[in-house]
Amino acid sequence: MAYYRQVGEVPPKRHTQFRKPDGGLYYEELMGEEGFSSDSSLLYHAGVPSAIVDSQVWDLPDLATVANHPLTPRHLKLHDLFTDTSKSNAVEDRRLVLGNGDVRISYAVAEQPSPYYRNAIGDECVYVEKGSATVETVFGVLNAVQGDYVIIPRATTHRWLPGPEGVHAYCIEANSHIAPPKRYLSRYGQFLEHSPYCERDLHPAAEPLVVEGTDVEVLVKHRGNGAGGIVGSRMTYATHPFDVVGWDGCLYPYTFNVSDFEPITGRVHQPPPVHQVFEGYNFVVCNFVPRKVDYHPLSVPVPYYHSNVDSDEVMFYCGGDYEARKGSGIGLGSISLHPGGYAHGPQPSAIEASLGAERFEELAVMVDTFRPLELGEGGQAVDDGVYAWTWAGRRKD
């Protein structure tokens, strides 16, 4: 997404001398994607950004997964995952719900500041279900509120500082980059007129966050031979990573609030791609927002039954009342998993009940993956065990 920004002080020309008030040089860091062949930004540090004085093992939370076998649609109740959150933070206390080789979905409820953290595996898209947080980053400060997606590029050092009421975070961690769908963008990266949101809806940091300090520990998640090919390290930096006086470029973290997504509607039911908000490698992120529904005189507003022959569908219910799931036990904080190879759709009673509706007051975040998802320890812990039988109203004896 080639949307250029400049924040703080930068020299008139890149890769040239840029001096501090005392005459010393600032240290220029290029943070770029795809081997110098895609988006990048240049950051100007007071200290040497590669100077570390220690590195130790960081024992990650349980990232092991088990296959969804035998094949079963599932209902996972995320609000049952956390009871006492007074000592939890949004990095170390994430619980893995679902995952595969392309993406991991975790959930965290946190009241405490997180350590400094960097995900060197891929970008993160964190949806703030409830509460608020200040997200301090090497690019500056983001203020995240309920309904915000927080997009954090791979290898961005940051930390989460929950607000007074804590933060409920739905964490989508990629093994790739996460960006707006290509069909929303011009060949130069500008949002097109048919896009349901645009640059004005994206909120990056407005000014640098300059912090001094020495021997600063940063938790780094990176590639290795751990569960899911992921391991962790505790790297101690000689000077504070947040010593950046300025940066410019097209790669940076930002927030986007779901309320700024303009829904695309039609006379008959629209397919899930109209709800898409982001994409990564082998997965997409969609959101279903309050909207006017289908206005053909014979329309059926809830979805038709469909088989995701190429993908698993994960729906996180985070606001309003999701019409298609009435009668299934689904509520706020629920996840429904509908795996590929299984035809699914609304509960039978929801079809007739939806006829004549003019609006749906629902809010959900959906992730569709193109490799099968497995269950993490968090997902296994809160599986209701009965959702699969709700269409039939019974289970075979």
Side-chain angles (χ1 to χ4, degrees), residues 68 73-76 97-98 100 102-103 105 125 127 129 147 149 151 170 172 174 176 178-185 191-192 194-197 256 258-296 299-326 328 330 334-347 350-351 354 357 359-373 387 391:
N68 182 17
R74 297 179 184 269
H75 170 202
L76 314 177
V97 179
L98 296 162
N100 62 23
D102 303 312
V103 64
I105 298 173
C125 170
Y127 179 78
E129 178 203 8
Y149 291 98
I151 303 298
Y170 185 70
I172 303 166
S176 62
I178 298 173
K182 291 183 178 63
R183 69 179 184 278
Y184 293 169
L185 305 174
F191 280 95
L192 297 169
H194 68 267
S195 171
Y197 61 101
F256 167 71
V258 70
S259 65
D260 288 324
F261 186 89
E262 301 302 331
I264 299 169
T265 61
R267 274 172 39 94
V268 296
H269 191 79
Q270 299 296 294
V274 305
H275 304 283
Q276 188 177 351
V277 60
F278 300 113
E279 64 186 9
Y281 178 74
N282 267 350
F283 73 94
V284 299
V285 181
C286 304
N287 43 218
F288 294 78
V289 302
R291 64 196 182 278
K292 180 179 178 62
V293 292
D294 323 324
Y295 39 90
H296 187 285
S299 68
V300 180
V302 294
Y304 35 77
Y305 291 95
H306 51 289
S307 297
N308 290 353
V309 296
D310 293 319
S311 63
D312 284 11
E313 177 192 286
V314 181
M315 192 80 79
F316 175 48
Y317 305 91
C318 43
D321 188 6
Y322 199 74
E323 296 290 334
R325 296 274 79 84
K326 286 183 175 178
S328 62
I330 296 287
S334 290
I335 273 184
S336 63
L337 168 64
H338 299 129
Y342 166 74
H344 71 281
Q347 298 296 319
I351 300 173
S354 74
R359 282 186 61 83
F360 281 173
E361 298 296 335
E362 60 192 22
L363 183 60
V365 174
M366 184 176 81
V367 178
D368 273 8
T369 68
F370 297 99
R371 279 205 277 182
L373 285 162
Y387 177 67
W391 285 268

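One is the number of the first residue; the rest follow in order along the sequence.
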In this structure, CG of L98 is separated from CG of L373 (nearest 0.5 Å) by 5.5 Å
In this structure, CD1 of I335 is separated from NE2 of H75 (nearest 0.5 Å) by 9.0 Å
For [X] versus [Y], what's the shortest heavy-atom pair and its separation?
X    : Y    : result
F261 : V274 : CZ-O, 3.8 Å
N100 : D102 : OD1-N, 2.8 Å
Y127 : C318 : CE2-SG, 3.7 Å

Would you call the rings of F191 and Y197 parallel, tilted or perpendicular, taking 30° and 60° as the class edges? tilted
- Query: Would you call the rings of Y342 and H344 parallel, tilted or perpendicular if under 30° counts as parallel and over 60° as perpendicular?
  - Reply: parallel
Looking only at the side chains, is there a donor atom on one of Y149 and N287 sitting less than 3.5 Å from an acceptor on the other?
yes
Between the side chain of E362 and the main-chain N/O of F288, is any donor-acceptor distance below 3.5 Å? no
| message | For D294, is there any backbone N or O sitting under 3.5 Å from a side-chain donor or acceptor partner on S299? | response | yes
Q.
Please check if the number of heavy atoms outside Y281 that lie under 6.0 Å from its OH is greater than 12.
A. no
### Message
Is it the case that atom NZ in K292 sees more than 12 heavy atoms from other parts of the structure closer than 6.0 Å?
### Response
yes
